[in-house]
Amino acid sequence: MAPKRKALLGGAATSKAARSSKGSTPGPGTPRSMISDSSDVSENEGDIEIPDEMRKSMVKFDTSSDEHKYSIGRGINDMASRHFDSSRDFTALKPKLDAHNRPLWIQGNFVIVLESFHQLAPQAQDFLVTVAEPVSRPQFLHEYKLTTHSLYAAVSVGLNPKDIISTLERFSKTPVPSNVKGFISACGKSYGKVKLVLRNTKYLLETTDPEVLQMLLKDPTISECRVHGAEQITTSAPKMSGLAIAGTKEAAGIREAEGLNNADQEATQANPTKKEVYDALNDDDDEDDQEVVHAFQIRDDAVETVTKRCQEMQYPALEEYDFRNDNINANLEIDLQPSTQIRPYQEKSLSKMFGNGRAKSGIIVLPCGAGKTLVGITAACTIKKGVIVLATSNMSVIQWRNEFIKWSNINPDDVAIFSSDHKETFSGNTGVIVTTYSMVTATQKRSHESSKMMDFLRKREWGLMLLDEVHVVPANMFRKVIGNIKAHSKLGLTATLLREDDKIEDLNFLIGPKLYEANWMELSQQGHIARVQCAEVWCPMPTEFYDEYLKAATRSRSLLYVMNPLKMQACQYLITYHESRGDKIIVFSDDVYALEFYARKLMKPYLYGGTSNAERQEILQRFRDSSECNTIFLSKIGDTSLDLPEATCLIQISAQYGSRRQEAQRLGRILRAKRRNDEGFNAFFYSLVSKDTQEMLFSSKRQAFLVDQGYAFKVITTLHNIEKTPNLCFATAQERRELLLGLLDDMEKNKSQAEYERENNALMADGNLFNSKKPGARAKAKPRTMVRRGAHLLADLSGGQDMAYVEQNKPARGKKKVAHSDFFKKQQRDKERRKKLVDE
DNA sequence: AAATTCGCAA
DNA sequence: TATATTGCGAATTT
């Protein structure tokens with residue numbers, strides 16, 4: 001048989017086949033997949049030859065092949081296909097006999113799949129959240145992935161590799177693959193060995209293992225950052241005892257009476273496996289007692305470099321703060337108000353932070369409205385040392401201060417604000433400072449007071465640094481904060497640990513591992529955040545609009561699909577419908593032009609960056625209090641730092657490219673709805689999308705995060721009885737045509753301004769108007785545009801600017817001119833400035 | 001005090 | 001795929 005096949009295929013084919021197999025056949029050490037037997041055979045060259053076709057399909061179904069490694073990329077188009085990905089073929093794994101009693105699968109590529117409907121799922125999920133990264137948590141199958149970071153986090157909350165493996169084994173339907181076991185124990189060996197400690201305003205790198213110390217000292221990058229002549233050996237005796245997290249005191253008291261600590265209590269309730277795990281944690285602490293600690297000092301500005309390097313060496317530097325044994329820094333008189341009771345998930349997240357009686361640095365991820373502030377304050381109340389709070393805007397700085405006063409018994413004088421208009425310090429020798437990221441990053445020249453304040457902040461040793469909206473930190477500017485201010489522990493808070501760039505990884509060494517991530521669905525089932533119905537409304541485009549869309553350039557395209565009249569109708573319909581139900585509605589639009597147009601057309605108040613502070617307050621007040629005003633239009637301004645608990649319905653008419661963070665944040669606006677605990681209450685989230693345009697793609701990208709959180713997006717293609725909406729806008733073809741013409745004019749105006757700029761510059765530069773035209777760019781423009789632009793240019797050059805043009809073409813558009821006047825003014829200024837530059 | 005300008009983030 | 005536009009805060013000018 002074999003020789004015959006060989007003869008048929010010919011030499012060329014066989015050699016090609018052999019070559020192509022090299023990259024994909026599993027090497028030693030990789031888990032044996034369903035095809036590993038046959039590939040073993042093929043490695044013995046000349047024994048049996050396998051035809052190309054067959055080899056292709058082998059590669060296709062080879063779970064260990066790199067080529068088909070499952071990854072959740074940024075460009076996922078649908079959520080179903082990956083469930084059929086070849087790498088998700090489990091046939092290679094032999095299930096255990098009692099597989100149905102166990103809720104999860106573990107694959108060789110470190111992906112763990114959990115049956116969320118399984119009886120044991122809650123326990124398994126508790127455990128998985130600790131050791132693995134949640135990738136996707138839709139309704140039935142949850143997906144987690146073991147990563148170095150997630151294991152690092154697990155180790156840092158005190159789990160040891162042996163227990164992780166045995167617990168996984170217990171929950172898994174299939175045997176834990178050996179490479180997964182290897183990975184976990186490798187991580188466990190090195191993690192937690194190195195610690196970054198702040199002592200007497202000096203940063204020390206600390207380890208108990210002499211070998212690790214040598215390794216660190218030998219590393220060129222790290223020794224570079226060392227402060228020489230400061231090596232020291234100390235003995236430390238950290239003691240674990242039942243630390244009560246503030247706000248859980250009563251519960252803690254009961255537990256103590258029963259002779260159990262927090263962890264044990266939880267463990268006995270959950271399952272025996274977990275109890276063992278936590279027992280192991282306690283053992284560890286006993287061993288610590290008389291160990292010798294080796295440490296050396298590193299430069300303040302090198303902290304980021306060193307932690308990053310340690311991360312790369314697989315010896316991540318854990319930051320822990322033994323605040324109860326810190327006698328150097330003054331204690332802060334702060335405790336939660338006696339009446340305050342924190343919620344179970346808040347307690348859980350804090351127990352991760354204070355898991356071994358010290359404060360660990362890291363990040364807690366909670367959805368908006370789930371009480372992030374209270375978590376931060378509780379952490380501060382537990383540590384009871386100086387606290388510095390960093391927020392993104394002045395508004396949230398004030399909010400933080402108010403929350404501190406509201407939830408804790410701190411003396412209001414000890415909560416100081418450091419911002420452009422408040423530069424106070426606390427009265428005592430320690431306290432809380434609330435400030436913004438931009439205040440402490442200080443690139444520009446500072447006023448005298450500011451720099452004095454900065455010196456003060458820099459010189460101190462803070463017990464806790466609270467980083468609000470921590471996802472902004474990796475931006476180049478803001479990461480300076482970390483080096484600038486010395487804090488023993490850092491707690492990052494965010495709702496969406498997401499960025500569209502890849503800098504989110506940096507947080508692992510800038511702040512610390514993710515300590516806890518809440519499951520949105522679970523919180524909404526428990527009534528902590530509102531239940532939300534999500535829908536994507538597909539609005540068809542009238543043909544004349546679609547024609548223009550196809551012809552237009554990118555920028556104009558977005559204007560066209562946002563201004564789609566049928567979308568406006570849909571928006572109007574939804575507003576009418578929800579207002580009649582008694583909902584309060586927020587309409588979001590990123591495009592200020594569209595925002596203004598919609599709002600004026602539908603006669604609703606609108607709010608964007610340009611509206612003055614007084615007007616803002618007034619509109620928001622009206623929206624909050626008055627039953628007359630039930631709808632407001634917001635630009636990006638509403639994405640952050642606007643708190644409107646009245647809102648129960650949200651309509652999105654235009655959005656930023658594919659920003660998942662923005663989508664999540666917007667949804668967050670209605671999660672804290674006041675009425676969420678009403679019987680059968682539902683909040684609504686609509687995304688209006690023009691059919692068959694780029695918006696569809698953006699929309700699906702944006703939804704990825706929420707879908708992973710378990711939200712289901714319904715697609716609505718027809719709105720019932722939309723034609724019965726009173727005063728439906730753009731109902732006639734005539735109106736729509738006028739709208740389109742108006743739009744085209746405005747687009748024209750903007751474009752010609754920009755082009756005038758370019759040509760003007762070119763003219764100034766080389767004095768030749770005609771050479772300045774870039775052939776590539778021009779080729780794309782449509783003939784009609786060309787003609788118009790020409791005419792317009794002439795008008796500009798003759799000094800008439802655009803006034804005549806406006807009057808002539810759109811007499812009835814007075815309102816829109818306002819929107820652009822600023823733009824034109826700015827253009828004008830720029831033009832003049834550039835002219836001046838050239839003249840000089 | 002209000003307006004403008006600059007730098008930065010998304 | 002990269003860009004353009006928007007928002008925000010600090011500093012400077014009027």
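Each chain gets a letter, A, B and so on, in the order its sequence line appears, and its residues count up from 1.
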Can you check the [X] [atom1] to [N] [atom2] distance for me, whole Å?
X	N	atom1	atom2	answer
A:Leu697	C:dA2	CG	P	15 Å
A:Leu390	C:dG9	CG	C1'	15 Å
A:Tyr437	C:dA10	OH	P	15 Å
A:Met395	C:dC8	CE	P	8 Å
A:Arg666	B:dA10	CZ	P	15 Å
A:Glu596	C:dG7	CD	P	11 Å
A:Gln694	C:dA4	CD	C1'	14 Å
A:Asp501	B:dC8	CG	P	16 Å

Which pair of heavy atoms, one from [X] and one from [Y], lies closest together, and at what distance?
X	Y	answer
A:Thr496	A:Arg661	OG1-CG, 3.4 Å
A:Leu688	A:Glu695	O-OE2, 3.7 Å
A:Arg702	A:Ser659	NH1-O, 3.4 Å

Below the 4.0 Å mark, does [N] have OP1 or OP2 next to a side-chain nitrogen or oxygen of [X]?
X	N	answer
A:Arg661	B:dA10	no
A:Ser450	C:dA10	no
A:Asn476	B:dG7	no
A:Arg479	B:dC8	no

Out of [options], which nucleotide sits closest to the side chain of [X]?
X	options	result
A:Val592	C:dT1, B:dA9, C:dG7	C:dG7
A:Ile637	C:dG9, B:dA10, C:dG7	C:dG7
A:Ser393	C:dG9, C:dA2, C:dG7	C:dG9

Would you classify [X] as touching base, sugar-phosphate or nothing, given that sugar-phosphate means primed atoms plus P, OP1 and OP2, and contacts are heavy atoms under 4.0 Å?
X	answer
A:Ser635	sugar-phosphate
A:Asp591	nothing
A:Arg616	sugar-phosphate

Between A:Lys584 and A:Ile632 (side chain of the first, backbone of the second, donor and acceptor by atom type, cut-off under 3.5 Å), is there such a pair? no
Residues A:Arg666 and A:Glu663 bridged, charged N to O under 4.0 Å: no
